[in-house]
Asker: 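Submitted below is the structure of interest, expressed as structure tokens.
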Amino acid sequence: MTANALEITNLTYRKNQKTILENVNLQITAGKIVGLLGENGAGKTTLMRLIASVAKGERGTIAVNQQTKGVQRRTLVSFSEGLQGFRSAAKLSEIRDFYARVYPDFSAKKYLDLITFMQIDDDQKLGTLSKGTREKFVIALCLAREAALYLLDEPFSGIDSMSRKRIISSIIKWKNDDATLVISDHYVTEIAPLLDEVVVVKDQTICTHKSSEQIRSEFGIGIEAFYESIYEGSIPNDEL
């Protein structure tokens, strides 16, 4: 039986007296590519930040490869952070070196392969990058680690259509077979062919978690239509 890469049990998170997530339960088996879908403000980014132990203060349990402590999870999770902590004058190669020092699983070869594929010159300074190039660099840093769990949070919003499709079609080759990837994105139709499973966040919790095959066989529609139907209310809750 395949082990769970991610287990979330009775997770609740409040910030400034506002409930962001409530009673979240989720199990994802190792090796899957999972789409985390939901409207803006649904709590997807917060959920990823909690899994990666970037945000703290939750109630409940988060386990990555059965490790529940934040310091342990951080060694297993590669999260596509936005690089806000780096100076705009920093060269990309300096950021690469920082990642290599902080994360023992950072692969110099994989990084080089990724930036070559993304057509990024890491002699550039962070502040000179276009939004699209910056996002490509964030993806490269995230996937260059040999992590157990990758979390890609809206990674393609500033990337042009041709580059986006090229990167999406290549993503599967950048992760090991037993690694798990959770991707949150609004380009649902474009990422759909990658997805083994879909998790939909609505009303501060996970309202459904189904395999792509289940969605097609049970509802006879594609992933984007399924997701939209949930938010439109045309699929009753008792069928999810």
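Keep in mind that this is a model prediction, so the values were computed, not measured.
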Asker: I need the L50 CG to T46 OG1 distance, nearest 0.5 Å.
Answerer: 6.5 Å
Asker: Of all heavy-atom pairs between I221 and S229, which one has the smallest distance, and what is that distance?
Answerer: CD1-OG, 4.2 Å
Asker: Check K109 with D113, please: is the shortest side-chain N to carboxylate O separation under 4.0 Å?
Answerer: yes
Asker: Using the side chain to side chain contact (heavy atoms under 4.5 Å, CB included) rule, take T133 and F137 through it: C-alpha gap first, then chi angles, then the decisive distance, then the call.
Answerer: CA-CA 6 Å; T133 303; F137 183 59; 5.6 Å; no
Asker: Going through the checks in order, is the ring-ring contact (aromatic ring centres under 6.0 Å, His included) test met by F117 and W174?
Answerer: CA-CA 11 Å; F117 176 79; W174 302 112; 5.8 Å; yes
Asker: With the side chain counted from C-beta on, respond yes when F98 and F86 share a heavy-atom pair under 4.5 Å apart, and no when they do not.
Answerer: yes
Asker: Mind listing the closest non-hydrogen atom pair of D185 and P155 along with its distance?
Answerer: OD1-CD, 3.2 Å
Asker: I would like to know whether N176 and E146 meet side chain to side chain contact (heavy atoms under 4.5 Å, CB included); could you show each step before the answer?
Answerer: CA-CA 8 Å; N176 295 327; E146 300 288 4; 3.2 Å; yes
Asker: On a heavy-atom basis, which atom in G222 and which in I215 lie closest, and how many Å separate them?
Answerer: O-CG2, 4.1 Å
Asker: Below 4.5 Å, heavy atoms only, C-beta onward: do T208 and F226 meet side chain to side chain?
Answerer: yes
Asker: Taking C-beta and beyond as the side chain, do N65 and N4 meet within less than 4.5 Å on heavy atoms?
Answerer: no
Asker: Step through the shown structure and confirm whether more than 12 heavy atoms of other residues, nucleotides or ligands are within 6.0 Å of CG on L112.
Answerer: yes
Asker: Quick one: closest heavy-atom pair of A52 and F79, and the distance?
Answerer: CB-CB, 3.8 Å
Asker: Any side-chain to backbone donor/acceptor pair from S80 onto D153? Under 3.5 Å, distance only.
Answerer: yes
Asker: Determine yes or no for a side-chain-to-main-chain donor-acceptor pair under 3.5 angstrom, with K32 supplying the side chain and S211 the backbone.
Answerer: no
Asker: Quick one: does R145's side chain get under 4.5 Å of S107's, heavy atoms only?
Answerer: no
Asker: Please determine if E218 and K210 form a salt bridge, counting it only when a charged side-chain N lies under 4.0 Å from a carboxylate O.
Answerer: yes
Asker: Which atom pair, heavy atoms only, marks the closest approach of T68 to A63?
Answerer: CG2-CB, 3.8 Å
Asker: Linking I/L/V/M/F/W/Y whenever their side-chain heavy atoms sit closer than 4.5 Å, directly or via other members, would V102 and L92 fall into one cluster?
Answerer: yes
Asker: Taking the six-membered ring of Y231 (Phe, Tyr or Trp), confirm whether the NZ or CZ of K202 is under 6.0 Å from its centre and within 45° of its axis.
Answerer: yes
Asker: So, taking the atom named NE2 in H209 and the one named CD in Q214, what distance separates them when rounded to the nearest 0.5 Å?
Answerer: 8.5 Å
Asker: For K69, does the NZ atom sit with more than 12 other heavy atoms under 6.0 Å from it, leaving out its own atoms?
Answerer: no
Asker: Treating Ile, Leu, Val, Met, Phe, Trp and Tyr as nodes and any side-chain heavy-atom pair under 4.5 angstrom as an edge, say whether F156 and L143 lie in one connected cluster.
Answerer: yes
Asker: What are the two closest heavy atoms between A179 and A147, and how far apart are they?
Answerer: CB-O, 3.6 Å
Asker: Measure the spacing between CG of L195 and CD1 of I183 and express it to the nearest 0.5 Å.
Answerer: 7.5 Å
Asker: Please test V34 against V198 for side chain to side chain contact (heavy atoms under 4.5 Å, CB included), starting from the C-alpha separation and ending with a verdict.
Answerer: CA-CA 6 Å; V34 180; V198 172; over 6 Å; no
Asker: Looking at side-chain heavy atoms only, is the closest gap between R14 and I20 below 4.5 Å?
Answerer: no
Asker: Flag the pair V201 / L36 as yes when at least one side-chain heavy-atom distance between them is below 4.5 Å, and no otherwise.
Answerer: yes
Asker: Taking atom types as modelled, find out whether S212 and E197 have a side-chain donor-acceptor pair closer than 3.5 angstrom.
Answerer: no
Asker: Within 45° of the axis and under 6.0 Å from the centre of the six-membered ring of Y13, does NZ or CZ of R59 qualify?
Answerer: no
Asker: Any sub-3.5 Å donor-acceptor pair from R87's side-chain atoms to G127's backbone N or O?
Answerer: no
Asker: Got more than 12 heavy atoms from elsewhere within 6.0 Å of CD, E213?
Answerer: no
Asker: Would you say the side-chain atoms of K131 pair up with the backbone N or O of S157, donor to acceptor, closer than 3.5 Å?
Answerer: no
Asker: Is there a chain of hydrophobic side chains (I, L, V, M, F, W, Y, each step under 4.5 Å between heavy atoms) that links L37 to L151?
Answerer: no
Asker: So, D123 and K91, do they make that salt bridge, N to O below 4.0 Å?
Answerer: yes
Asker: Report whether I191 and I230 are members of the same hydrophobic cluster (ILVMFWY, side-chain heavy atoms less than 4.5 Å apart, transitive linking).
Answerer: yes
Asker: Aromatic rings F106 and Y111: how do their planes relate, parallel, tilted or perpendicular, breaks at 30° and 60°?
Answerer: tilted
Asker: Report yes or no: do V199 and I33 belong to one cluster of Ile/Leu/Val/Met/Phe/Trp/Tyr joined by side chain heavy-atom distances under 4.5 Å?
Answerer: no
Asker: Quick check on D121: does its CG atom have over 12 non-hydrogen neighbours (other residues, nucleotides or ligands) under 6.0 Å away?
Answerer: yes
Asker: Determine yes or no for a side-chain-to-main-chain donor-acceptor pair under 3.5 angstrom, with S163 supplying the side chain and I159 the backbone.
Answerer: no
Asker: Give a yes or no answer on whether the side chain of R73 reaches the backbone of Q67 with a donor-acceptor pair at less than 3.5 Å.
Answerer: no
Asker: Go through it in stages, so that I can follow the logic: the residues are L129 and Q124, the test is side chain to side chain contact (heavy atoms under 4.5 Å, CB included), and I'd like the CA-CA distance, side-chain angles, deciding distance and then a yes or no.
Answerer: CA-CA 8 Å; L129 302 184; Q124 298 176 90; 3.7 Å; yes
Asker: Working to the nearest 0.5 Å, report the span between OH of Y187 and CD1 of I168.
Answerer: 9.0 Å
Asker: Determine whether I206 and N25 make a side-chain contact, defined as any pair of heavy atoms from C-beta on separated by less than 4.5 Å.
Answerer: no
Asker: Any side-chain heavy atom of D203 within less than 4.5 Å of one from E22?
Answerer: no
Asker: In Å and rounded to the nearest 0.5 Å, what is the CD1 to CG distance from I62 to L6?
Answerer: 8.0 Å
Asker: Measure the spacing between CD1 of I171 and OH of Y150 and express it to the nearest 0.5 Å.
Answerer: 11.5 Å
